[in-house]
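Since the structure comes first, as C-alpha cells, the remarks are kept for the end.
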Amino acid sequence: MDWRLSNDGARLVAQPAGRVDEESWKDFSARLTAAVHEAVEAKLPLVIDLSGLEYMTSKGLRVLTMAKSEAKGAIVIHLAAPNAAMKRILAISRYNMLFPVVDRVDQVGG
Amino acid sequence: MRVRFWGTRGSLPVAPHADAVLAKVARALMIARGRSFADQDEATAFAREETEFATHATYGGATACMEIEADEEAFVVCDMGSGMREFGVNALRRCAEGHPRLYHVFLSHPNFDHVMGFPFFRPAYETGARIVIHSGHPDAEAALRRQQEAICFPVPFETLRAKIEFVTHPPDQPFEAAGLTVSLIRQAHATRGSYGYRFERDGKAVVYSTDAEHGAEDMDAEGAFETFFAGADLVICDTMYSLGDAVSLKQDTGHASNVVAVDLCHAAGAKRLALFHHEPNGSDEDIQRMFYETLRYEELVRGERPPLEVLCAYDGLEVEV
C-alpha cells in the first residue's frame, strides 16, 4: 500500500493506493491514526480518497472504525471516489451506512 | 467425514409464518408461467433448478446443532440448540439399525440457544445411552442442570436415564474423541467467551467456530484464528451480522460477520466456508442476499488466491468433506 497525505486548506486528504489487506492494515492504521490527529489539530474534515485503492478487506474497514473512534466526534471522516469494487465492498459491509461516501474529494469542505 | 446441519439459526428458534410460505408458492407459480408437470418429481426438479433457494426452500429456524459423521462407533455433535431434538429422533432410528448409543457432544458455550435442545434430546432419556459432553467451560453441567430445574422444565436432569459425563478441556491441549483429534480455541463472546473446535481425521479438517466476535480493537488476535483454521477443508463460521452492524449496533454481542469469515478463511488457506448462525430476524430472502453478497465479496478480495468455496448452511444440509 502506498500513502499520500495533503492539506489544501479546506480538507485533509489521505490517499491510500493499492490494497489494504492482512499484509498492509497495520501500516494503514498507523498512517490513518496520525492523519486523524492532524485533521483534529487543523480542525479540518478528513477525506480518504479511495480512487487509488484496488480493494480493502475487513481489516481495513475496521481500521476506519478505529479512526472514527479516535476522532471522538471532533471531525468527520469522509470516504471519496471509491472504485466499483470498493463501492460494492462498502455496500456489502454496510460501511456506506457508517461513513459518508462522496463521488469526489472536492465535495467535502471548502 | 460428512457434516450434517440440524440447526443453523442464531439466538432464537424461528419459523416462517403462513404468509411467507404462501409467498414462496406464489413466486414459484409465477416463475412456472403456466407450465405443466407430469408428476411431483418433475415439479420438484423444476422448483429446485429454476427457482432460487429462498423460493423453493427455507434455511430453517432451529438453533445451533451440527453433526459430524466420522466414526461408526460414536455420534459426534456440536452444540445442543433446538436442532438437537430432530437429531435425537434421527439418531434413535440409526441406533435401531445397530449404531452404538455413544454420543460425543462438543459445546461452544452454555448460552440458552446452544443448550435448549438437550431437554428434548430423546437419547438422554434412554437407559444404555452414554453422552459425553465436552466443553471449555467448567460450568457446562451447571447450565444443563439449571435449565431443567422445576421453574423452567418439568423433567429434572437427575431423572435422565442416559449415562451423562462432562469433560472440561483447556484450549491448548488437543485430545482424541470418537476417532477424531480435537483442538479448542478460546473465542471472544460477550462476558464469558466461547470455544471453537477443530476436528481432524485422515488428513481432513473441519472447524466449528460460532459465537465468536472479531472486533476492531483486537485484530492482532486474529492470527490465532488463521492458524486454527489453517488448511481446513470446511470452516463453519458465525456470520450473523454485516460488519457494519457488528462494529456498531451489535458491538459486544459476541458475533461475527460474513466478510471477516471470508478474510479469516482466505488468510488460513481454508477450502470451504459455511455461513452459519443466521440472524433470527432474517427472512429466507435476507439470508440468501447475505449469501450472494458473501460470494461477491470473496471474489472482490480474493487477489491471487485460489477461490474459497462459500456455502450457506441450512437445516438439513449435508456436506461431504
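Within every chain, numbering begins at 1; the chains are lettered A, B, ... in the order of the sequence lines, protein sequences first and strands thereafter.
With rounding to the nearest 0.5 angstrom, the CD atom of A/Glu22 is 10.0 Å from the CG atom of B/Leu264.
If you measure heavy-atom distances from A/Leu98 to chain B, the contacts under 4.5 Å come from the side chain alone. Within the 4.5 angstrom heavy-atom criterion, atoms from both the backbone and the side chain of B/His214 approach chain A. For B/Glu217, the parts lying under 4.5 angstrom from a heavy atom of chain A are both the backbone and the side chain. Looking at B/Ser257, there are no atoms closer than 4.5 Å to chain A (heavy atoms on both sides), in backbone or side chain.
Other residues, nucleotides and ligands contribute more than 12 heavy atoms inside 6.0 Å of the CZ atom of B/Arg305. Within a 6.0 Å sphere centred on CD of A/Glu41, other residues, nucleotides and ligands contribute 12 heavy atoms or fewer. Annotation for B/Arg302: atom CZ counts as buried by contact number, over 12 foreign heavy atoms lying within 6.0 Å.
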Exercise. With side-chain contact (heavy atoms from CB on, under 4.5 Å) as the test, would you mind laying out the steps for B/Asp220 and A/Lys26 before giving the verdict?
Key: CA-CA 9 Å; B/Asp220 274 325; A/Lys26 285 186 180 174; 2.8 Å; yes
Practice problem: Using the side-chain contact (heavy atoms from CB on, under 4.5 Å) rule, take B/Val301 and A/Asp21 through it: C-alpha gap first, then chi angles, then the decisive distance, then the call. | Solution: CA-CA 9 Å; B/Val301 302; A/Asp21 56 14; over 6 Å; no
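Contacts with chain B (heavy atom to heavy atom, under 4.5 Å) involve these residues of residues 49-67 of chain A, listed by number: A/Tyr55, A/Met56, A/Thr57, A/Ser58, A/Lys59, A/Leu61, A/Arg62, A/Val63, A/Thr65, A/Met66. Taking 4.5 Å as the heavy-atom cut-off, the residues of residues 72-85 of chain A that approach chain B are A/Ala85, ordered by number.
No other option in B/Val262, B/Val247, B/Asp245 has as many heavy-atom pairs under 4.5 Å with chain A as B/Val247.
Nearest heavy-atom pair across A/Arg94 and B/Ser242 is CG-OG, 3.3 Å.
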